[in-house]
Amino acid sequence: MRTRDTEKEDLVRQKAIELIVNEGFDGFSMQKLAKAAQISPATLYIYYKDRDDLLVKLCLSVVDDMLAISLKDFHPELPFAEGMALQWRNRLEFFMKYPLETEFLEQARYSPLYAKVQVGIASKFGSVLGPFVHRAIENGELQRLSFEVYWSVAFAPLYQLMKFHNQGLGPSGVKFQLTEPVMKQALGLVLKALKP
Amino acid sequence: MLTQTSTGSNVQVLVFKTDLSTRKKVRQLALHLDQESGILRWNVDHWDADNVLRIETTRLSMQQVIDLVTGAGYHCTALPD
């Protein structure tokens with residue numbers, strides 16, 4: 001009898017993320033993953049029902065890690081500016097520690113697979129960030145906005161700066177590094193924009 | 001292949017290479033597999049070149065599954081371990 005082997009599962013997870021970041025979701029198959037992780041495809045099917053099952057579980061597991069880091073020390077009672085600063089810092093920490101996982105989630109967000117995990121992810125984030133945002137609106141710290149507009153203004157600038165940092169170049173081709181002062185400057189503008 | 005899964009101590013996962021390349025073929029095979037009480041769950045991975053058939057069973061052997069699938073008119077061999 002063979003039992004589940006967590007070391008092997010971690011290796012499978014790591015190789016799957018690498019394959020997807022390098023080759024995209026479309027090129028991903030169980031056969032390729034088995035080869036990369038140097039295990040038999042038969043073994044992979046013990047852990048996962050099929051390709052979609054693997055991708056959904058992988059996505060949820062990376063989101064759980066991201067959630068744990070992004071919500072570290074966070075609680076919905078924090079003043080809006082403070083809570084946002086913590087969110088930015090935590091998301092940046094996840095990105096710096098796990099660049100491959102960040103890139104994986106970016107790719108996942110625009111793949112057909114995402115529909116299957118989106119509800120779960122939204123409810124996980126929503127249960128903590130929902131009360132935070134509603135409280136800020138009631139306290140007059142944040143404009144009443146559609147969620148999409150709020151998210152785009154609140155977080156997309158950070159993700160764009162992370163992308164430039166990853167490439168090492170800004171849009172004009174000049175060397176770029178996402179430093180603390182740069183992050184603070186961008187966050188300051190975001191907070192200003194979101195004020196009522 | 002005998003394996004222990006998280007679903008139960010005596011549940012085995014058996015995997016096979018097949019020619020179940022279309023949903024129609026899978027639906028036809030379903031008429032046979034769904035009747036077999038020894039099969040707890042089964043599915044075919046359509047994304048895979050080997051059209052992998054995965055079966056969770058408490059008592060069927062590899063050979064019994066192969067006989068069942070080939071009896072239904074499809075190609076079925078053990079996926080190399």
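In what follows, chains are A, B, ... by sequence order, proteins preceding strands, each numbered from 1. Everything numeric in this text was worked out from a predicted model, so none of it was measured. Values reported hereafter were calculated over all heavy atoms of this structure, with side chains retained and with hydrogens, waters and symmetry mates removed.
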- Message: Counting only heavy atoms not in A:His75 (residues, nucleotides, ligands), do more than 12 fall under 6.0 Å from its NE2?
- Response: yes
**Asked** Is it the case that one hydrophobic cluster holds both A:Leu169 and A:Leu178, taking links as side-chain heavy atoms less than 4.5 Å apart, direct or via other members?
**Response** no
Take atom NZ in A:Lys124; do more than 12 heavy atoms of anything else shown fall under 6.0 Å from it?
yes
Should we count CD of A:Gln185 as having more than 12 external heavy atoms under 6.0 Å?
no
Note to self: More than 12 heavy atoms of other residues, nucleotides or ligands under 6.0 Å from CD of A:Gln167: yes or no?
What the structure shows: yes
Here the gap from B:Asn43 atom CG to A:Tyr45 atom OH, rounded to the nearest 0.5 Å, amounts to 8.5 Å
Closest non-hydrogen atoms of A:Asp26 and B:Trp47, given as atom of the first, atom of the second and distance, are O-CZ3, 4.5 Å
Side chain to side chain, B:Leu79 and A:Pro41, heavy atoms closer than 4.5 Å: yes
Residues 50-70 of chain A vs chain B, non-hydrogen distance cutoff under 4.5 Å, contacting residues -> A:Asp50, A:Arg51, A:Asp52
Checklist entry - Do A:Leu105 and A:Leu113 belong to the same hydrophobic cluster, where Ile, Leu, Val, Met, Phe, Trp and Tyr are linked whenever their side-chain heavy atoms lie under 4.5 Å apart, directly or via other members? => result yes
Just wondering, more than 12 heavy atoms not from B:Gln63 lying within 6.0 Å of its CD? yes
Scanning both residues in full, the closest heavy-atom pair of A:Met30 with B:Asp48 reads CB-OD2, 3.6 Å
Here the pair of heavy atoms bringing A:Lys49 nearest to B:Arg54 is O-CD, 3.4 Å
Residues at least two apart in sequence or cross-chain that pass side-chain hydrogen bond (donor to acceptor under 3.5 Å, both in side chains) with B:Ser61, listed by chain then number, are B:Gln64
